[in-house]
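Take a look at the structure set out below.
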Amino acid sequence: MMGLKMIGFGGYVPPLKVTNDDFAKIVETDDTWITTRTGIKTRHIANGELTWQMGAKAAKSALEDAGIAPESVDMVIACTVSGDTTTPSLACMVAKEVGIPGGIVFDLNAACAGFVYAVDVVQKYLAMGAVKTAMIVCSETLSRMVDYTDRATCVLFGDGAAAVIFQAQEDKLYASCLKSQPAGAYKIISKLSSTDCPFKTETPDWGDEAVNAAPDGKMQMAGNDVYKFAIAAMPEAVEEAARQAGIATEDLDLIIPHQANIRIVQTAIKRLKLPEDKFYVNIADYGNISSSCIPLALSQLHDQGRLHEGMKLCFVGFGAGLVYAATIVEL
Ligand code: UT7
């Protein structure tokens, strides 16, 4: 089977750290609630930095790590739900900044499952031989859309970026399971604001009173519904990807889950009946950084020298859409 080789990794988080105690000063919460209900202790917040600037920093590090010139990258997929612009794409702005001259460059929005979805797109292009070297860059400035008066969501999210560079690798295992539940599209929503067009007299009707009432530009989440979805979706995606790969879930060496809530990961561990040390968790330090969670974890694992040839990794994510996905990559 045509598998994937990861040849470069880069991660970037902005320096400003916000603790649970900092949140206790702005909403009715405390460190004990946040720690026990979510596993989060701190998150990093972009203080004036733009999403594309963080993405470009991660992309530059990945290029340096791979030891390749930007010219040799012929595909860039950027993932974000919190970009600086609706147009141009984040991918184009990052490519411009790091000197990638052309090729296939576009954004992919699969929310917190963005990286996992993008890995599958990259694998298809590489396996077809349509591209030789592909970069996935994820960058999120969730602080621009979090409602800092809503204690149920504001404590969860942080900012950060990460990039991974891929090439094809023959005779390696690869499998994926990409899924969605679009009926839950409004479970997590952040509406764009629009200009005041002088010719419009009607206000839009979303067909949902709660969404109609939601303020533009601020994230609203039915946290409990998403929680219930996630604890079923994560094990289902891992099991289905393993089935596609023709291996047992016990054969996986390392599972890198989306970092939304430590309790979601713990429930997945129980349901999958796998040892806890097979799961990489860094939520305490970063909170939920949407699409950047998994590639940032990968870049940390790489820096720690924990990725070795022959290992079978599983990336599993879920998020707004609702979408969920898992991919299995043999190193
Ligand atoms: O990346 C994908 C997107 N997001 C997620 O995956 C999030 C999934 N959901 C979750 O992680 C959890 O549902 C939350 C962390 C959002 C909430 O945890 P929960 O255990 O589901 O709490 P809850 O919503 O059932 O609320 C329990 C109580 C409520 O108080 P009452 O009504 O019981 O008096 C909330 O108002 O906890 C209260 N609460 C808080 N209390 C202190 C909610 N947020 C806070 C807070 N501090 N920050």
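In what follows, residues are counted from 1 in the order of the sequence shown. Values reported hereafter were calculated over all heavy atoms of this structure, with side chains retained and with hydrogens, waters and symmetry mates removed. Read the numbers this way: they start at 1 and go in the same order the structure lists the ligands and their atoms.
When distances from atom 32 (O) of ligand 1 to the protein are checked, no heavy atom turns up under 4.0 Å. Within the 4.0 Å cut-off (strictly below), a protein heavy atom is located near atom 24 (O) of ligand 1. Protein heavy atoms are found less than 4.0 angstrom from atom 38 (C) of ligand 1.
The shortest contact between atom 16 (C) of ligand 1 and any protein heavy atom is with Ala152 O, 3.7 Å. Regarding atom 47 (N) of ligand 1, its nearest protein heavy-atom neighbour is Thr29 OG1, 2.6 Å. Looking only at heavy atoms of the protein, atom 1 (O) of ligand 1 is closest to Asn288 ND2, 2.7 Å. Among protein heavy atoms, atom 17 (C) of ligand 1 sits closest to Trp33 CH2, 4.1 Å. Looking only at heavy atoms of the protein, atom 29 (C) of ligand 1 is closest to Arg151 NH2, 4.5 Å. For atom 3 (C) of ligand 1, the nearest protein heavy atom (residue, atom name, distance) is Ile188 CD1, 3.5 Å. Closest protein heavy atom to atom 7 (C) of ligand 1: Met221 CE, 3.7 Å. Of all protein heavy atoms, the one closest to atom 9 (N) of ligand 1 is Gly223 O, 3.0 Å.
Cluster annotation: Val81 is connected to Leu156 through the hydrophobic network of ILVMFWY side chains, with a link wherever side-chain heavy atoms come within less than 4.5 Å. Hydrophobic clustering of Ile, Leu, Val, Met, Phe, Trp and Tyr side chains at less than 4.5 Å, counting indirect connections, unites Ile77 with Phe315.
The shortest side-chain heavy-atom distance between Ile283 and Val265 does not fall under the 4.5 Å cut-off. Using a 4.5 Å heavy-atom threshold, the side chains of Glu240 and Tyr324 count as separate. Contact of the Phe279 side chain with the Leu272 side chain is registered, since non-hydrogen atoms from C-beta on lie closer than 4.5 Å. Inter-residue side-chain proximity for Val323 and Phe318 is flagged as unmet; no heavy-atom pair is nearer than 4.5 Å.
Only the side chain of Asn261 comes within 4.0 Å of ligand 1, judged by heavy-atom distances. Looking at Thr153 against ligand 1, nothing comes within 4.0 Å, counting heavy atoms. Both the backbone and the side chain of Asn224 come within contact range of ligand 1, each with a heavy atom under 4.0 Å.
Between Phe166 and the choices Ile7, Val119, Thr133, the side-chain contact (heavy atoms from CB on, under 4.5 Å) rule is met once, by Val119. Between Arg43 and the options Asp159, Asn20, Asn288, a side chain to side chain donor-acceptor pair (under 3.5 Å) holds for only Asn20.
Of all atoms in ligand 1, listed by their number and element, those nearer than 4.0 Å to a heavy atom of Arg37 are 20 (O). The distance from ligand 1 to the heavy atoms of His258 drops below 4.0 Å at these ligand atoms: 1 (O), 2 (C). Proximity to Ala260 (heavy-atom distance under 4.0 Å) selects the following atoms of ligand 1: 1 (O), 5 (C), 6 (O).
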Q: Report the C-alpha separation of Lys5 and Glu309 in whole Å, then their side-chain angles, then the decisive distance to 0.1 Å, and conclude whether the salt bridge (Lys or Arg N to Asp or Glu O under 4.0 Å) test is met.
A: CA-CA 10 Å; Lys5 184 162 51 172; Glu309 201 186 329; over 6 Å; no
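Inspection of the Thr141 and Thr51 side chains reveals an N or O donor paired with an N or O acceptor under 3.5 Å.
Crowding of Lys312 atom NZ: a count of heavy atoms from other residues, nucleotides or ligands under 6.0 Å exceeding 12. Within a 6.0 Å sphere centred on NZ of Lys17, heavy atoms belonging to other residues, nucleotides or ligands number 12 at most.
Where the criterion is an N or O separation shorter than 3.5 Å, residue side chain and backbone included, Val226 fails it with respect to ligand 1. The N/O atoms of Arg263, backbone and side chain alike, include one that comes under 3.5 Å of an N/O atom in ligand 1. Taking distance alone, with nitrogen or oxygen atoms compared against 3.5 Å, Asp30 stays at or beyond that limit from ligand 1.
Distances from ligand 1 to the non-hydrogen atoms of Phe318 include at least one value under 4.0 Å.
Smallest separation of non-hydrogen atoms from Ala245 and Ile328: CB-CD1, 4.3 Å.
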